[in-house]
Every structure is written in structure tokens, then in C-alpha cells.
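Letters go in sequence order (proteins before strands), and every chain restarts at 1. The figures that follow rest on heavy atoms only: side chains count, while hydrogens, waters and symmetry mates do not.
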There are 2 protein chains.
Amino acid sequence: MPDPTLDEIVALCKRRGFIFPSSEIYGGVGSTYDYGHYGVLLKNNVKSEWWRSMLQERDDIVALDSAIIQHPRVWEASGHLEGFTDPLIDCRTCKLRFRADQLDEAACGRKPSKHPGETDDCDLTEAREFNLMFETHVGPVADSASVAYLRPETAQGIFINFKNVVQFARKKPPFGIAQIGKSFRNEITTGNFIFRTREFEQMEMEYFVPPDEAEQSHSYWLDERMRWYTELGIRPDHLQLREHGPEELSHYSSATSDIEYLFPMGWSELEGIANRGDFDLTQHAKFSGEKLEYFDQETGEAYVPHVIEPAAGVDRAALAFIVDAYDTEEVEGRKRTVLRMHPRTAPVKVAVLPLVSREGMPERAREIFDAIRGRVAAEYDEGGSIGRRYRRQDEIGTPWGVTVDGQTLEDGTVTLRDRDSLEQERVPATELAEMLSARLEEPWTSPKLAATQAE
Amino acid sequence: MPDPTLDEIVALCKRRGFIFPSSEIYGGVGSTYDYGHYGVLLKNNVKSEWWRSMLQERDDIVALDSAIIQHPRVWEASGHLEGFTDPLIDCRTCKLRFRADQLDEAACGRKPSKHPGETDDCDLTEAREFNLMFETHVGPVADSASVAYLRPETAQGIFINFKNVVQFARKKPPFGIAQIGKSFRNEITTGNFIFRTREFEQMEMEYFVPPDEAEQSHSYWLDERMRWYTELGIRPDHLQLREHGPEELSHYSSATSDIEYLFPMGWSELEGIANRGDFDLTQHAKFSGEKLEYFDQETGEAYVPHVIEPAAGVDRAALAFIVDAYDTEEVEGRKRTVLRMHPRTAPVKVAVLPLVSREGMPERAREIFDAIRGRVAAEYDEGGSIGRRYRRQDEIGTPWGVTVDGQTLEDGTVTLRDRDSLEQERVPATELAEMLSARLEEPWTSPKLAATQAE
């Protein structure tokens with residue numbers, strides 16, 4: 001079973017209503033996507049698992065939801081206004097614009113088989129810096145006084161609330177502030193499906209620590225975040241840590257490591273975990289005139305905490321969960337496509353299916369469905385052959401299937417089918433809700449990992 | 001107990017970390033707010049209760065999450081580019097800009113005690129239409145070809161995906177598509193805390209019905225949505241339906257009723273429920289050239305479904321839940337402020353508190369906390385006197401408090417305190433998780449409603 005291609009993933013996502021190209025009836029907008037039903041459920045699961053790991057399973061992190069359009073000074077202080085740029089080159093002849101650092105991959109407008117540097121047609125300008133923040137205007141007058149930006153990261157909304165949180169949430173370092181929300185970057189080069197889009201959802205947590213604990217905390221969060229992905233079923237051999245070299249470090253960072261995932265287009269960043277030092281709090285203190293420090297009552301000293309930042313993407317995580325789960329196999333002579341997802345990330349946990357649409361089975365199946373839907377995300381489906389209904393559930397990653405058949409009407413038991421092993425067991429319908437709720441809490445290992453290890 | 005003022009609500013929200021003015025260290029941005037820890041938990045509860053009512057408790061609605069920056073043609077088709085405007089008037093003397101329809105409430109820049117129309121200083125222009133959509137540019141060139149808008153409503157993202165959903169989710173009318181997400185309106189007149197802000201979160205559902213069922217469906221959704229608020233504890237006497245008169249109907253609507261809530265500033269719109277007819281699908285069909293119809297296989301006829309739209313605001317709902325729950329009373333000679341929220345919307349369900357910080361009580365309390373936190377949103381607090389800790393929990397609306405005392409160490413029972421009645425019962429610690437999970441599912445009536453009825 002080879003790893004899936006990006007085309008296979010895109011096709012499944014469209015076919016099963018996970019993800020559609022946005023504004024498709026108008027010809028689409030480059031690299032913009034809308035999430036359909038199962039895509040929303042998957043993303044909601046990803047986000048709630050992230051909240052669970054940040055809030056429910058620990059005591060030292062609080063939540064925040066800051067505005068997308070903040071005070072413009074925020075982006076002066078953060079360095080984004082000056083430094084968050086890509087170098088762009090215009091061609092005076094073919095009229096296209098290219099990223100200077102990606103000229104080799106770009107194509108000339110007149111001779112698309114050639115790169116801008118290789119062809120005489122291209123008359124290139126010097127590189128100019130182009131800011132990646134989306135600009136807009138607040139209020140009725142579009143002048144410099146009303147200019148505002150869509151945030152390019154959620155992190156700054158956290159830093160500017162540091163003082164509020166220390167004051168009102170009574171937290172002392174080490175503690176974290178976590179946020180999920182949309183960010184916007186006017187990227188010139190987008191692509192690889194939902195991997196790089198101009199509008200995307202981030203899950204960022206800023207962990208404030210005493211300066212001498214920063215290094216240790218950085219390595220702790222590398223482990224923690226790696227564990228989050230593997231516990232949710234991502235195969236460890238599809239994950240790697242990559243430390244940024246000195247030349248690729250951001251202006252604010254003294255050390256960054258990426259958690260990379262083996263996407264169909266190769267190893268690519270899934271999450272960046274940076275040691276931001278005291279850069280952000282110091283900058284905002286300077287630009288705002290507010291003291292952004294922590295006063296340690298035990299030592300009687302004030303200090304500026306250092307910051308460790310695990311910054312993940314909801315869309316990238318969702319893509320990784322789909323890619324890692326995608327599998328095909330032959331069952332009784334027919335090809336089966338199946339998403340072998342962790343039950344907790346799977347959009348639907350259980351499908352309730354009458355074997356046939358008659359003999360009272362649909363009515364009984366509906367009763368069973370109604371009894372469990374409040375406890376576990378369930379779906380009822382009576383249309384088409386049972387085989388076809390199961391293929392559909394396999395493709396959206398539903399871990400369990402319940403079939404209501406003749407025997408159900410007699411003894412109240414149903415068939416419980418396992419998505420991965422295809423094994424079936426007979427269980428009393430009344431025990432389903434309890435049984436599946438319990439299974440959702442159990443540790444889970446990808447059967448693809450087990451298969452790889454057995455090879 | 002009089003209804004709270006908006007100032008009291010704002011003060012509580014800041015004091016307890018629900019909501020802060022955004023970018024406060026930079027002097028703030030007009031009418032922009034950041035949600036702190038309890039604000040995020042409350043909003044997450046509001047959203048998940050909305051999803052529950054739309055997805056989990058019914059079978060005819062699917063979820064969607066469409067992009068904020070869509071194809072600009074969407075806003076031509078929807079009528080927003082031409083018609084989503086406010087009439088503005090400039091004053092050539094005092095240099096201020098006013099909404100023409102709100103001149104009476106505005107103040108002249110030179111004589112703030114007077115209205116622009118009343119003072120000779122003001123030299124007013126004719127009213128000009130000003131579009132409320134935020135404009136930006138996608139890509140490196142800021143010209144007309146790259147112009148794009150931040151969506152002013154989530155609804156259009158649903159209409160442009162109608163065809164995808166019919167095709168891939170196999171739905172037939174009546175069915176709905178539901179979406180939660182941010183929208184942006186460049187309002188000139190904002191205010192009343194989080195009631196009207198330029199950036200806000202919507203919960204919109206478009207319900208597609210055969211044309212002859214539209215009227216009946218409209219009245220069905222009025223009832224349904226009213227029920228959602230009252231079942232989550234909003235007092236019915238603080239809610240009213242108000243039908244739009246012909247002059248205030250939007251261009252797309254043949255009938256709209258607002259669910260209004262008695263906010264501190266008076267009756268104001270909480271949710272609008274519109275009969276949009278076939279306006280949107282017809283417009284998008286016309287502008288895109290795609291057929292946006294439903295083909296009924298039983299009758300062999302194609303038709304354009306009509307649309308009923310319950311459009312709620314996450315922020316407004318959150319504000320209403322706080323306002324409606326806010327209460328003060330005197331207990332043993334001291335003023336107690338308490339949010340009498342429905343347990344399902346309350347940010348924290350249970351606080352676990354050692355009576356004192358010694359004699360093994362903190363350790364035992366932590367054990368109990370760790371045993372239940374996976375089942376119900378819980379908080380552990382050992383700092384300060386027990387009375388002070390309870391006042392804090394009362395102000396964030398925590399319905400249950402567990403006190404671990406000397407007797408706990410002997411017989412394993414704890415005190416379970418009810419936020420509203422202040423009654424205490426003695427229960428085995430081992431039964432807490434099960435008991436509180438069950439209570440979360442029970443119907444609930446606001447004790448403020450009961451008190452009103454008894455008066």
C-alpha cells in the first residue's frame with residue numbers, strides 16, 4: 001500500500017464532502033477552500049483535541065480569543081510592518097511578478113517552458129520587498145490614519161494581553177496562553193491544497209517561563225507536541241524534528257524546530273516550535289510604554305519572561321490526519337478505500353444501518369440511532385446496498401458500524417463492525433453507547449503502523 | 001434585584017477575565033474586544049450548543065465552513081457591493097462624518113453639546129452612500145483586478161456551495177446548511193460593548209425548502225430558535241419577537257422577524273430570522289451561469305428552493321447569557337454577585353476546593369479534581385479563604401462547588417454546594433463525575449425566572 005498522492009487526497013476530500021475549492025461556481029479563487037460537512041466535523045475534533053491537551057489535561061494554560069483587526073502599532077512593535085516581507089521581482093516584458101528566492105521554480109509568461117532567468121524575453125527588475133500582511137481601512141475614510149491589517153499570526157494578540165492575564169487569571173510563570181483563530185498572509189506562492197493558503201486557522205500557545213528555564217521548556221514542548229500527533233494516531237515514522245539553521249531563524253527567535261510530516265509533496269512543516277526569548281514582550285513594552293514584566297513576590301524581583309511557542313495549523317493538522325489515515329486494500333476482489341483515523345478525530349464515530357429497508361429494520365435502527373446519538377457522533381443511513389453504505393463510511397473514516405438485521409428484532413443484539421479489521425461482533429444494542437464512549441477514551445495505534453512494523 | 005446596567009456587566013467581564021478591550025496597551029481600538037479565558041469557554045459552549053441543536057439533534061442539516069475572502073463576484077451577485085451601504089454626511093466645518101439616519105444622536109465636533117443639525121457651525125454635505133464591506137487586495141498589486149472583500153455575512157458562502165452539498169451530501173429539501181464563523185462590517189456607529197462591533201462571529205443556517213413550504217418553515221424556525229434560548233435558561237419575559245415592517249426589510253427578504261432580548265440598553269436584536277425566498281440562489285445562478293436548482297425525481301420537476309435563515313450572533317448570544325444570569329443578593333450581610341447561568345453554558349461546571357490548605361486536604365482535593373476533570377469542565381483552587389474562592393466561582397457562574405474537608409479524609413464524602421440555592425449536600429466523591437454529568441443533561445430553569453413568578 002503506497003502512500004497516497006495529493007491528487008488522491010484532493011479527490012477523496014471533494015467526493016466525500018470534506019473540502020471543496022472555494023467560490024467554485026465563479027471559477028474559484030486561487031488556493032482558497034471551503035470545508036464541507038465532514039471537513040467541519042474533522043476540524044472541530046482537531047481543535048477540541050488541542051484544547052483538551054492545553055486546558056483540560058493541565059492547569060497552567062488559559063484560553064484567549066483576540067481580535068483579527070488589532071491596533072496597527074501592534075505590527076510595528078512585532079516587526080511585521082517592517083520585516084514580514086517577501087522579495088519580489090517584476091518582469092518588464094512578460095509583466096509577471098516572481099518571488100526572488102523562487103525564480104528557479106517560476107515560469108516566464110511568454111515562454112512558460114522556461115524560467116524567468118533563463119530567457120531573453122524576461123527583463124527583470126531588482127528585487128523589492130513586499131509586505132505579506134493584508135491591508136484594509138477602518139472607518140469611512142481610506143487614508144493613512146485609518147489603515148489596519150489582518151493579523152498574520154494569532155501570537156501577537158496573546159502578547160498584548162499578557163498583563164491582563166497575569167492580573168486577572170492570577171498566573172505566574174511558567175504558564176501559557178492558548179488561542180485558536182484565523183490568520184491571513186498575502187502569500188505570492190500558495191499551493192499544495194490546504195497546506196499553504198492565504199487564509200488559515202492557527203492553534204498557537206505562548207508559554208511564559210523564567211529566562212533560565214527557556215531552553216529546557218523548549219525541549220519539553222517539542223516532546224509534548226510530538227506526542228500529541230502520535231497519540232492521535234499519526235505514524236511516528238512519518239514525523240520528524242528539524243532544527244532551523246541560523247540563516248532561516250526568524251528575527252524574533254533564538255531557536256526553532258519544526259515538526260515535519262511526510263506529506264505527499266515531501267517532508268513539510270506541520271508545526272513550528274520557537275524559543276522567542278523576551279523579544280515580543282520587550283518590543284511591546286517599548287512601543288506601548290507599559291511594563292510587561294512579572295514581579296516575583298518570593299525573590300522580590302521583576303523580570304521579563306521568555307516565551308516558548310508551539311504554533312500549529314488546524315488545516316495542516318487536518319490534512320496530515322487525512323493523509324496518514326488514507327489506505328486502500330482489496331477485499332473480496334474489490335478495492336476498498338478507507339481512512340484509518342483515530343476514533344477521536346474521525347468525523348463520525350458510528351454509523352447505524354438497517355441491513356435492508358424493510359421488515360421493520362429501519363424503524364428499529366432509528367430507535368437505536370436515537371438512543372446513542374446524544375453520546376457519540378452518529379449517522380443513520382438506509383439508502384442503497386449495505387456494501388455501498390459501508391464503503392461510504394469507510395471513506396469518511398467512521399470507526400464503527402452497527403448493522404440492524406433480523407436477529408436484532410428477535411434478541412436485541414446488533415452487529416458491530418470494526419472499520420480496520422472488518423471483524424464483526426454481536427453486542428446488545430443497549431450496551432452500544434457505553435461501549436463506544438469507553439472505546440473513544442482508549443489508547444489507539446494506527447493499523448497502518450502495525451502493518452509497517454510487521455513487514 | 002434590578003436588571004444590571006451595561007457598566008456592571010462590562011466591569012464583571014473585565015474583572016473576571018471574560019472580555020477585555022482589545023489592544024488596550026496601545027489605547028485600544030474602538031469597539032474591538034478580546035475574549036479572556038472564561039469568555040472563550042463561554043463562547044465555545046454557545047457554539048457547541050448551537051451545533052448540537054443543528055447537527056446532533058436532527059438529521060436534515062449539514063455543516064459548512066467557507067472562506068472569509070471569497071470571489072468578489074459573490075458580492076456583486078448578493079447585492080452587497082451595490083446595496084450594503086450607510087448614508088453618510090460630512091461636516092465641512094467640524095470635519096466629522098455622521099450617519100445621515102442618526103444625525104439626531106450625533107454630536108457636533110465643535111459644540112459637543114449640540115447635534116450637527118442644530119448648530120450653525122455645522123456645514124453639512126448631502127448624504128453619500130458608503131459601503132460597509134472591508135476592502136483589501138489579494139496578491140502583490142493593489143489594483144482593481146486584485147480587490148477583495150472581507151465577508152459581511154457567512155450566508156453567501158452557503159449559497160455558493162448549495163450545488164456541492166446537494167451533490168455530495170445527498171440532501172433534498174427541506175434541508176439546511178449551517179455555519180459558524182467571523183464576519184466583518186465597517187460600521188460607523190458601533191457600541192454597546194460587544195453588541196455591535198466591526199468584527200463578530202455569526203451562527204447562520206440556511207434552510208432550503210420547496211417554495212410552498214416557506215411560510216410555514218419560517219414560523220417553525222421562529223419557534224425553534226426561541227426555544228433554543230429559553231431552554232438554555234434565558235427568561236422568556238426578556239425575549240420578544242418583532243416583525244420587520246415593509247420599510248425596514250432587506251432587499252432579499254420577503255419577511256423577517258427578529259428575536260429581541262431586553263439588553264441593558266433596551267430591546268435589541270439577538271437573532272434575525274428571514275424568509276429570503278429564492279433571491280440568493282437566483283442571483284448566484286444568474287451571475288455564475290450555473291444552474292442552482294433542485295431536481296425532484298418524484299415529480300420530475302426542477303425548482304429553486306426558498307430559503308429560511310436563522311442568523312444569530314455568538315457575541316450577542318454570549319452577552320445575553322451573561323446579562324440574563326447576572327444577579328446580586330445579600331447573603332449573611334454581604335453582597336454576593338452571581339451569574340445564574342445554565343450549567344451547559346457556564347464556563348466551568350464544578351470547582352474543587354480544599355476547605356483549608358493543610359491537613360492533607362489539598363492533596364485529597366487534587367485527587368478528586370483529577371478524577372472528574374476528564375468528564376466535566378472543572379477547576380481546582382486552593383488560594384485564599386473558602387468564602388473568597390466561592391465568590392470568585394459565583395461571579396464566573398460555576399453551578400457546583402465541591403469542598404473537601406476533614407470528613408472527606410474520614411469517609412470519602414464531600415460537600416456539594418449549589419450556586420443558586422446555596423444548599424449543600426454530602427455526597428461520596430466517587431459519585432461526583434456521574435452525578436454532575438447527569439445533571440448537565442437535565443432541563444433547567446433560571447431561579448431568577450422562578451423568583452419573578454413568585455413576586
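Contact of A:Glu199 with chain B is made through the side chain alone, with heavy-atom distances under 4.5 Å. Both the backbone and the side chain of A:Leu55 have a heavy atom closer than 4.5 Å to some heavy atom of chain B. Heavy atoms of A:Phe20 lying under 4.5 Å from chain B belong exclusively to its side chain. Proximity to chain B (any heavy atom under 4.5 Å) is restricted, for A:Arg392, to the side chain, taken from C-beta onward. Proximity to chain B is limited to the side chain of A:Leu292, based on heavy atoms less than 4.5 angstrom apart. For chain B, the nearby parts of A:Tyr26 are the backbone and the side chain; heavy atoms of each come within less than 4.5 Å. Heavy-atom distances place the side chain of A:Leu88, and not its backbone, under 4.5 Å from chain B. Both the backbone and the side chain of B:Ile160 come within contact range of chain A, each with at least one heavy atom under 4.5 Å from a heavy atom of that chain. Of the atoms belonging to B:Thr32, it is side-chain heavy atoms, and not backbone ones, that fall under 4.5 Å from chain A. B:Leu41 touches chain A through its side chain: at least one heavy atom from C-beta onward sits under 4.5 Å away, while N, CA, C and O do not. Residue A:Asn44 touches chain B through its side chain alone, counting heavy-atom pairs closer than 4.5 Å. With a 4.5 angstrom heavy-atom cutoff, B:Arg198 touches chain A only via side-chain atoms. A:Asn186 touches chain B through its side chain: at least one heavy atom from C-beta onward sits under 4.5 Å away, while N, CA, C and O do not. Contact annotation for B:Ile188: only side-chain heavy atoms (C-beta onward) come within less than 4.5 Å of a heavy atom of chain A. The part of A:Val40 that comes within reach of chain B is its side chain, from C-beta onward, which places non-hydrogen atoms under 4.5 angstrom from that chain. B:Glu290 touches chain A through its side chain: at least one heavy atom from C-beta onward sits under 4.5 Å away, while N, CA, C and O do not. Contacts between B:Asn161 and chain A at a heavy-atom distance below 4.5 Å involve the side chain alone, from C-beta outward. Heavy atoms closer than 4.5 Å to chain B are found in the side chain of A:Arg366, but not in its backbone. For B:Phe134, the parts sitting under 4.5 Å from any heavy atom of chain A are the backbone and the side chain alike. Interface remark: A:Gln56 contributes backbone and side-chain atoms alike to the contact with chain B (heavy atom separation under 4.5 Å). Looking at A:Tyr380, neither its backbone nor its side chain comes within 4.5 Å of chain B, counting heavy atoms on both sides. Interface residue B:Asp381: only side-chain heavy atoms are found under 4.5 Å from chain A. Neither the backbone nor the side chain of A:Ala169 has a heavy atom closer than 4.5 Å to any heavy atom of chain B.
A salt bridge links A:Glu434 and A:Arg375; the closest N-O separation between the charged side-chain nitrogens and carboxylate oxygens is under 4.0 Å. Residues A:Glu441 and A:Arg52 are paired through a salt bridge, judged by an N-O separation under 4.0 Å between the basic side chain and the carboxylate.
Of all non-hydrogen atoms in B:Ser23 and A:Val74, the two that sit nearest each other are OG-CG2, 4.2 Å. Shown here for B:Ser288 and A:Ile25, the closest heavy-atom pair between the two residues is CB-O, 3.3 Å. Closest of all the heavy-atom pairs between B:Ile180 and B:Met203 is CG1-CG, 4.0 Å. The nearest pair of heavy atoms linking B:Pro152 to B:Arg185 is O-NE, 2.8 Å. Here the shortest heavy-atom pairing between B:Phe18 and B:Pro347 reads CE2-CG, 3.8 Å.
Checking side-chain atoms of B:Gln283 against main-chain N and O of B:Ser78 turns up no donor-acceptor pair under 3.5 Å. The closest donor-acceptor contact from the side chain of A:Lys291 to the backbone of A:Ala285 lies at 3.5 Å or more, if one exists at all. Within the 3.5 Å criterion, the main-chain N or O of B:Asn45 finds no donor-acceptor partner in the side chain of B:Arg344.
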inquiry  = If you apply the rule side-chain contact (heavy atoms from CB on, under 4.5 Å), what do you find for B:Ile194 with B:Tyr35, and how did you get there?
reply    = CA-CA 10 Å; B:Ile194 55 171; B:Tyr35 287 78; 3.4 Å; yes

ask   = Does the pair A:Val376 and A:Ser437 meet the rule for a side-chain contact (heavy atoms from CB on, under 4.5 Å), with working shown?
value = CA-CA 7 Å; A:Val376 280; A:Ser437 301; 4.1 Å; yes

Test log, rule side-chain contact (heavy atoms from CB on, under 4.5 Å), inputs A:Lys47 and A:Glu201 = CA-CA 10 Å; A:Lys47 289 186 267 188; A:Glu201 204 166 6; 2.9 Å; yes

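Highest contact tally toward chain B, considering only A:Glu187, A:Gln156, A:Lys14, A:Gln179, is held by A:Lys14 [criterion: heavy-atom pairs under 4.5 Å]. Between chain B and the residues A:Asn164, A:Val62, A:Thr197, the largest count of heavy-atom pairs under 4.5 Å involves A:Asn164. Contact tally against chain A (heavy-atom pairs below 4.5 Å) for B:Val165, B:Ile69, B:Asp34, B:Val138: the top residue is B:Asp34. Counting heavy-atom pairs under 4.5 Å between each of A:Ser22, A:Gly139, A:Gly36 and chain B puts A:Gly139 at the top. Ranked by heavy-atom pairs shorter than 4.5 Å toward chain B, the options A:Arg73, A:Arg97, A:Lys163, A:Glu57 are led by A:Arg97. The most heavy-atom pairs under 4.5 Å with chain B, out of A:Ile68, A:Leu150, A:Thr136, come from A:Ile68. Of all the listed residues (A:Arg16, A:Arg15, A:Glu24), the one sharing the greatest number of non-hydrogen pairs under 4.5 Å with chain B is A:Arg15.
When side chains are defined from C-beta on, A:Arg151 counts as touching A:Trp75, because their heavy atoms get closer than 4.5 Å.
Of the candidates B:Glu379, B:Lys43, B:Glu395, B:Glu379 is the only one forming a side chain to side chain contact (heavy atoms under 4.5 Å, CB included) with B:Tyr38.
Within 6.0 Å of CZ on B:Arg128 lie no more than 12 heavy atoms contributed by other residues, nucleotides or ligands. For B:Glu442, the CD atom counts as densely surrounded, since its 6.0 Å shell holds more than 12 non-hydrogen atoms of other residues, nucleotides or ligands.
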